[in-house]
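For clarity, every value in this text was computed on a predicted model and none was experimentally measured. Convention: sequence-line order gives letters A, B, ...; per-chain numbering from 1.
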Protein chains: 2
Amino acid sequence: MSKIAEPELLNRLTQVFRTHGYEGASLSRISKATGLQRASLYHRFPGGKAEMAEAVLKRAGEWLQAHALQPLTESGPPERRLRQMAEKLDEFYEGGRQSCLLDALSFGVEQGAIRDHQRAAMKTWVDAIATMLRESGLSGRTAQERAEDAVIRIQGSLVMARATGDQMPFRRTLRNLPQELLRKPEPARA
Amino acid sequence: MSKIAEPELLNRLTQVFRTHGYEGASLSRISKATGLQRASLYHRFPGGKAEMAEAVLKRAGEWLQAHALQPLTESGPPERRLRQMAEKLDEFYEGGRQSCLLDALSFGVEQGAIRDHQRAAMKTWVDAIATMLRESGLSGRTAQERAEDAVIRIQGSLVMARATGDQMPFRRTLRNLPQELLRKPEPARA
DNA sequence: TGCTGTTTACCGAACGTTCGGTACATTTTA
DNA sequence: TAAAATGTACCGAACGTTCGGTAAACAGCA
């Protein structure tokens with residue numbers, strides 16, 4: 001059928017968007033990365049670049065859901081479940097060498113489906129962690145804040161990794177994530 | 001002399017780069033935002049867009065150094081100094097509504113002066129916090145990691161703010177920053 | 001002071017290139 | 001052979017950049 005199969009095509013598209021952002025992901029670059037000419041790309045994605053970005057976001061979201069978030073809902077000690085998530089995130093972001101699409105595609109994209117998708121993905125991610133933390137005994141409010149904190153730390157360490165070229169902070173963040181999230185809540189301060 | 005003075009010019013340039021990233025900051029957009037025609041921009045910045053981005057980075061770095069990092073070196077309780085930094089960061093990022101240039105300009109920019117500048121800026125920032133934490137009694141290693149953590153949290157919460165449109169996580173991150181950084185180090189775990 | 005040459009700041013128009021996108025012919029597959 | 005997938009050739013628009021030139025401020029000197 002296709003000279004290049006859908007999954008691999010999406011892989012390469014993802015790579016381009018992650019590296020260059022939305023505006024930097026020109027059709028020339030995409031064409032070069034995928035081996036498909038402009039017209040062939042428009043055959044696969046009649047909606048053009050916007051549809052490519054959406055497809056890439058959708059797929060990344062599905063992968064994360066299936067591999068990183070799904071373990072959170074299973075049985076076993078909470079710390080273990082969080083470690084599984086961290087492991088998958090490490091894989092997804094290639095140890096900090098790859099950017100997050102939610103960051104890369106948040107510049108220059110005004111509104112529309114892409115923005116909506118981003119917002120929803122972020123919420124899904126936070127909610128999944130928060131739900132798990134609540135089931136582990138944390139209060140609703142603490143669980144929510146820590147879940148946000150977890151995503152914040154991951155995103156921030158990816159930014160730092162990209163800006164400095166050093167992946168260590170990212171890996172350390174992932175490693176410390178489980179215990180940070182599960183630590184005893186400190187009493188409210190004066 | 002100038003129809004638009006240097007500081008205000010840089011303000012508007014900063015705004016464009018923050019919002020759209022490097023590739024998204026087209027000369028048309030910059031021209032519209034500054035009120036200067038393309039050619040006039042090249043009078044101010046003979047090096048073109050790259051020089052504009054550099055100038056913007058330089059200025060942002062100087063502002064942060066003078067307003068957010070300098071208080072860290074002064075006298076007074078550490079927590080108070082950190083609160084002053086957080087206050088200035090809140091101002092700089094307009095409560096989470098503005099992106100960080102270190103993030104925005106990290107896509108699509110291959111290498112060269114801009115990349116070097118980013119790397120240096122990130123290091124300066126982390127070092128300033130780490131030095132202060134060390135002076136507050138934290139061990140060198142803990143201080144370094146927590147300083148990285150601080151920057152990570154700020155960057156991450158900005159990403160989240162941008163992706164979700166909600167500024168609360170950013171503000172909460174800033175508010176909690178001082179106590180998070182100064183809390184007693186936990187003993188090494190099993 | 002008045003004159004003159006230089007500098008500063010800006011602009012309109014155009015440069016060649018690349019952008020995202022399309023019509024249509026050709027190849028591949030079933 | 002019909003349909004699906006890909007390639008060739010091209011479009012108008014926008015890209016970053018440069019050129020030639022204008023108006024005003026500034027300089028030195030009589």
Undergrad: Looking at residues at least two apart in the chain, or sitting in another chain, which of them share a salt bridge (charged side-chain N to carboxylate O under 4.0 Å, His left out) with A:Arg141?
TA: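 Expected list: A:Glu145.
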Undergrad: Atom CD1 of B:Ile4 to atom C1' of C:dC11: distance rounded to whole Å?
TA: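 My rounded result for the distance is 15 Å.
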Undergrad: Taking only residues at least two apart or on different chains, which pairs with a member in residues 155-164 of chain A satisfy salt bridge (charged side-chain N to carboxylate O under 4.0 Å, His left out)?
TA: A:Asp103-A:Arg162, A:Arg162-B:Asp103
Undergrad: When the side chains of residues 55-62 of chain B are checked against the rest of the protein, which donor-acceptor pairs come out under 3.5 Å, sequence neighbours left out?
TA:
unit_1	atom_1	unit_2	atom_2	d
B:Lys58	NZ	B:Glu62	OE2	3.2
B:Arg59	NH2	B:Asn11	OD1	2.5

Undergrad: Do A:Ser139 and A:Thr142 get their side chains close enough for a donor-acceptor pair, meaning under 3.5 Å?
TA: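 The answer is yes; a qualifying pair exists.
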Undergrad: Taking Watson-Crick (N1-N3 plus N6-O4 or O6-N4) and G-U wobble (N1-O2, O6-N3), each under 3.5 Å, can you produce the dot-bracket string of DNA chain C? Use [ ] for crossing pairs and | for inter-strand ones.
TA: .||.||||||||||||||||||||||||||
Undergrad: Applying salt bridge (charged side-chain N to carboxylate O under 4.0 Å, His left out), name anything that partners B:Arg12, two or more places apart in sequence or on another chain.
TA: B:Glu8
Undergrad: Apart from B:Phe107 itself, which Ile, Leu, Val, Met, Phe, Trp or Tyr residues share its cluster (side-chain heavy atoms under 4.5 Å, direct or through members)?
TA: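 ILVMFWY cluster around B:Phe107 also holds A:Phe107.
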Undergrad: Please collect all salt bridge (charged side-chain N to carboxylate O under 4.0 Å, His left out) contacts where either partner lies in residues 115-132 of chain A, sequence neighbours excluded, each pair once.
TA: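 Only A:Lys123-A:Asp127 qualify under salt bridge (charged side-chain N to carboxylate O under 4.0 Å, His left out).
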Undergrad: Rounded to the nearest Å, what distance is computed from the CG atom of residue B:Leu41 to the P atom of nucleotide D:dC15?
TA: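 Result: 13 Å.
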Undergrad: Taking atom P of D:dA4 as reference, at what distance in whole Å does atom CG of A:Leu36 sit?
TA: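 Taking atom P of D:dA4 as the reference, CG of A:Leu36 is at 18 Å.
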Undergrad: Ignoring backbone atoms, test whether B:His43 places a side-chain nitrogen or oxygen under 4.0 Å from the OP1 or OP2 oxygen of C:dC10.
TA: no
Undergrad: Could you note down all residue pairs passing ring-ring contact (aromatic ring centres under 6.0 Å, His included) where residues 11-67 of chain A supplies at least one of them, sequence neighbours left out?
TA: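 Every ring-ring contact (aromatic ring centres under 6.0 Å, His included) pair that includes a residue of residues 11-67 of chain A, provided the two are not neighbours, is A:Trp63-A:His67, A:Trp63-A:Phe92.
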Undergrad: At under 4.0 Å between heavy atoms, what does A:Gln37 touch on the DNA or RNA strands: base, sugar-phosphate, or nothing?
TA: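 Touches a base.
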Undergrad: List in chain and number order the residues that pass salt bridge (charged side-chain N to carboxylate O under 4.0 Å, His left out) with A:Arg134, two or more places apart in sequence or in another chain; answer none if no residue qualifies.
TA: none
Undergrad: Partners of A:Lys88 by salt bridge (charged side-chain N to carboxylate O under 4.0 Å, His left out), sequence neighbours excluded?
TA: A:Glu91
Undergrad: Just by protein heavy atoms under 4.0 Å, how would nucleotides 17-22 of chain C read 5' to 3' in B, S and -?
TA: --SBBB
Undergrad: Mind running a 4.0 Å heavy-atom check of residues 9-16 of chain A against DNA chain C and sending the residues that fall below it, in number order?
TA: none
Undergrad: Give the rounded distance in Å between these two atoms: CZ of B:Phe45 and C1' of C:dA9.
TA: 13 Å
Undergrad: Do A:Thr131 and A:Glu135 meet the criterion of a side-chain donor-acceptor pair at a distance under 3.5 Å?
TA: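 A:Thr131 vs A:Glu135: no donor-acceptor pair found between side chains.
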